[in-house]
2 protein chains.
Amino acid sequence: MGVGGAVRGERRDAVESRRKVLGAARRLFEERGVDSVSMHEIGRVAGVGQGTLYRRFEHKGALCSALLGEEIEAFQDESRRRIGSRGTALGRLKWFLGRLAKFNEENAPLLGAVRDAAGGDRRIEMHRNPFYEGLREIVAGLLREASEEGEIRPGLDAECVADTLLAALNIDLYLYQRRELEMTRERIVDSLRSVVDGLRVPGE
Amino acid sequence: MGVGGAVRGERRDAVESRRKVLGAARRLFEERGVDSVSMHEIGRVAGVGQGTLYRRFEHKGALCSALLGEEIEAFQDESRRRIGSRGTALGRLKWFLGRLAKFNEENAPLLGAVRDAAGGDRRIEMHRNPFYEGLREIVAGLLREASEEGEIRPGLDAECVADTLLAALNIDLYLYQRRELEMTRERIVDSLRSVVDGLRVPGE
DNA sequence: TTGATAAACGGACAATCGTCCGTTAACATC
DNA sequence: GATGTTAACGGACGATTGTCCGTTTATCAA
């Protein structure tokens, strides 16, 4: 997903519509919250019809994903930089999980809306999308690396454990822990890091 | 949630409406799948109006929860029995996680529908409900017990780790792993159990 | 049995999502 | 600059969810 949601090869009017829609959505979401703004209203304020709106963004979740574009880019850039640097694989993994919690914190409303739109037929979009697949690849990659370095127990299922660690930071649970249970971000991250520590080879 | 969704103190016609709705829903869901049956259709087939339908069941998710009632009861009974029996706390925890995966497997469509209905304003219902709270209490309880017995590292955050272990079996991820990634249930459960093993005290 | 009352009923209605399709306009080609 | 093709536009429309409210009926006490 490019910055600003730009897409190669779009006609000029299409680019303009996309820009207007994203602008209207961003403003309305800020004013009244993501949940209480309807797609019709976004179209009306943006000055485009429903057909146009839905041609650009398949559904509200896709629109929210596009709005997240820049944040995601920044998150991924920082992550790639940091993960490419020195340090143990497990150390970098722990850092990454903390960074992901911060990303949750900073983008909770849009992330929630993305999740809400991914039900029924669109259930798989929750996980089969470039963002989640990127997260998964990073975590699984670090786990494999840690395994090769002998940092963690051999025989661990990197892919499956990656899904588990990421599930611990899914937006629903995160918001429940933060808002309902009033856990701090630090507590959540520390706990998850203690689980990661359990992957280490015993007695070392 | 009582068997059959019965509720104390309901008027006779209310009980009858509830029964008719649950019966119609069960049949329609079986015939055509949960997602492609509308609430209006359930009302029509059950022979009750919309007002009645929504008075009995606040939303489609609540209706699906009620349909899950007996399954949940059986699951909880078996769990309580087994968890009250002998064995290490960690061993019982591992059994429980496997049993929960089986519960997911057997009730995927309804669980998915319950999740779908829990968005926006109803986000917290995903976790703040008797079923999830029961799961959480069981897992956290076993972790505390394991901690007291010296089976697992001291200082672990039982509540937070419980949420993490349960998140690994949330229905969205579970269906993604099973259907998209084509992982077996055994693989998923084994992986999670290996994470649980990481909680043990080192070198024992 | 009758009458009061509170709960339940039912269907119209409002809101929202997402689709469809006839119309319009960008852009490449001549 | 004229023209044809193809994508984009826009708003009506269908489907679904969930609410509202006037009407009906179960229940209980006299």
Side-chain angles (χ1 to χ4, degrees), chain A residues 5-22 24-25 28-29 32-66 112-123 125, chain B residues 5-22 24-25 28-29 32-66 112-123 125:
Chain A
V7 168
R8 258 186 72 90
E10 267 181 341
R11 239 169 61 173
R12 199 154 313 184
D13 49 356
V15 172
E16 181 64 10
S17 290
R18 176 183 299 276
R19 206 186 50 73
K20 286 192 291 189
V21 168
L22 288 174
L28 287 170
F29 287 169
R32 310 215 317 273
V34 178
D35 287 346
S36 55
V37 175
S38 74
M39 286 294 268
H40 275 208
E41 187 165 13
I42 292 169
R44 195 162 45 68
V45 170
V48 307
Q50 286 306 297
T52 304
L53 177 56
Y54 279 98
R55 173 182 289 271
R56 294 287 137 250
F57 304 100
E58 209 177 342
H59 48 80
K60 197 172 177 181
L63 173 50
C64 291
S65 290
V114 169
R115 200 233 64 159
D116 287 347
D121 295 336
R122 290 200 286 272
R123 167 114 0 96
E125 290 185 25
Chain B
V7 168
R8 257 187 73 91
E10 268 181 340
R11 237 168 63 170
R12 198 153 312 187
D13 49 357
V15 172
E16 181 64 8
S17 290
R18 175 183 301 275
R19 205 187 51 72
K20 285 192 292 188
V21 168
L22 288 173
L28 288 169
F29 287 168
R32 308 215 320 271
V34 179
D35 288 344
S36 54
V37 175
S38 75
M39 287 293 268
H40 274 208
E41 187 164 11
I42 292 169
R44 197 163 43 69
V45 169
V48 307
Q50 286 306 299
T52 304
L53 178 54
Y54 278 97
R55 172 181 288 272
R56 293 287 137 252
F57 303 100
E58 208 178 341
H59 47 80
K60 197 172 176 180
L63 173 49
C64 292
S65 289
V114 170
R115 201 235 62 159
D116 287 347
D121 295 337
R122 291 201 285 272
R123 167 114 0 96
E125 290 185 24

Return the value, rounded to whole Å, for the distance between atom [atom1] of [X] and atom [atom2] of [N].
X        : N      : atom1 : atom2 : answer
B:Ile42  : C:dG10 : CD1   : C1'   : 17 Å
B:Asp121 : C:dT16 : CG    : P     : 12 Å
B:Phe57  : C:dA8  : CZ    : P     : 13 Å
A:Asp35  : C:dT16 : CG    : P     : 12 Å
B:Arg44  : D:dT16 : CZ    : C1'   : 13 Å
B:Arg19  : C:dA8  : CZ    : P     : 17 Å
B:Leu53  : D:dT17 : CG    : P     : 10 Å
B:Glu16  : D:dT25 : CD    : P     : 15 Å

Counting only side-chain heavy atoms from C-beta out, which of D:dC9, C:dA8, D:dT27 sits nearest to A:Ser17? D:dC9
Side-chain donor-acceptor pairs of residues 47-58 of chain A under 3.5 Å, sequence neighbours excluded:
residue	atom	partner	partner atom	Å
A:Gln50	OE1	A:His40	NE2	3.2

Identified side-chain contact (heavy atoms from CB on, under 4.5 Å) counterpart of B:Arg18 within the set B:Val21, B:Val15, B:Leu22: B:Leu22
If every non-hydrogen atom of B:Asp35 is compared with every non-hydrogen atom of A:Gly120, which pair is closest and at what distance? OD2-CA, 3.6 Å
Can you give me the closest heavy-atom contact between B:His59 and B:Ala117, atom names plus distance? ND1-CB, 3.9 Å
Base, backbone or nothing for each nucleotide of nucleotides 17-24 of chain C, written B, S, -, heavy atoms under 4.0 angstrom, 5' to 3'? BBBB----
Relative to the 5' end of DNA chain D, which residue comes earlier, A:Arg56 or B:Asp13, by the nucleotide with the nearest heavy atom? A:Arg56
Ignoring hydrogens and angles, tell me if any N or O in the side chain of B:Lys20 forms a donor-acceptor pair with the backbone of B:Val45 under 3.5 Å. no
State whether the side chain of B:Arg123 and the backbone N or O of B:Ala118 hold a donor-acceptor pair below 3.5 Å, judged by distance alone. no
Can we say A:Glu41 and A:Arg32 salt-bridge, meaning some charged N sits less than 4.0 Å from an Asp/Glu carboxylate O? yes
Any side-chain N or O of A:Arg18 under 4.0 Å from OP1/OP2 of D:dA8? no
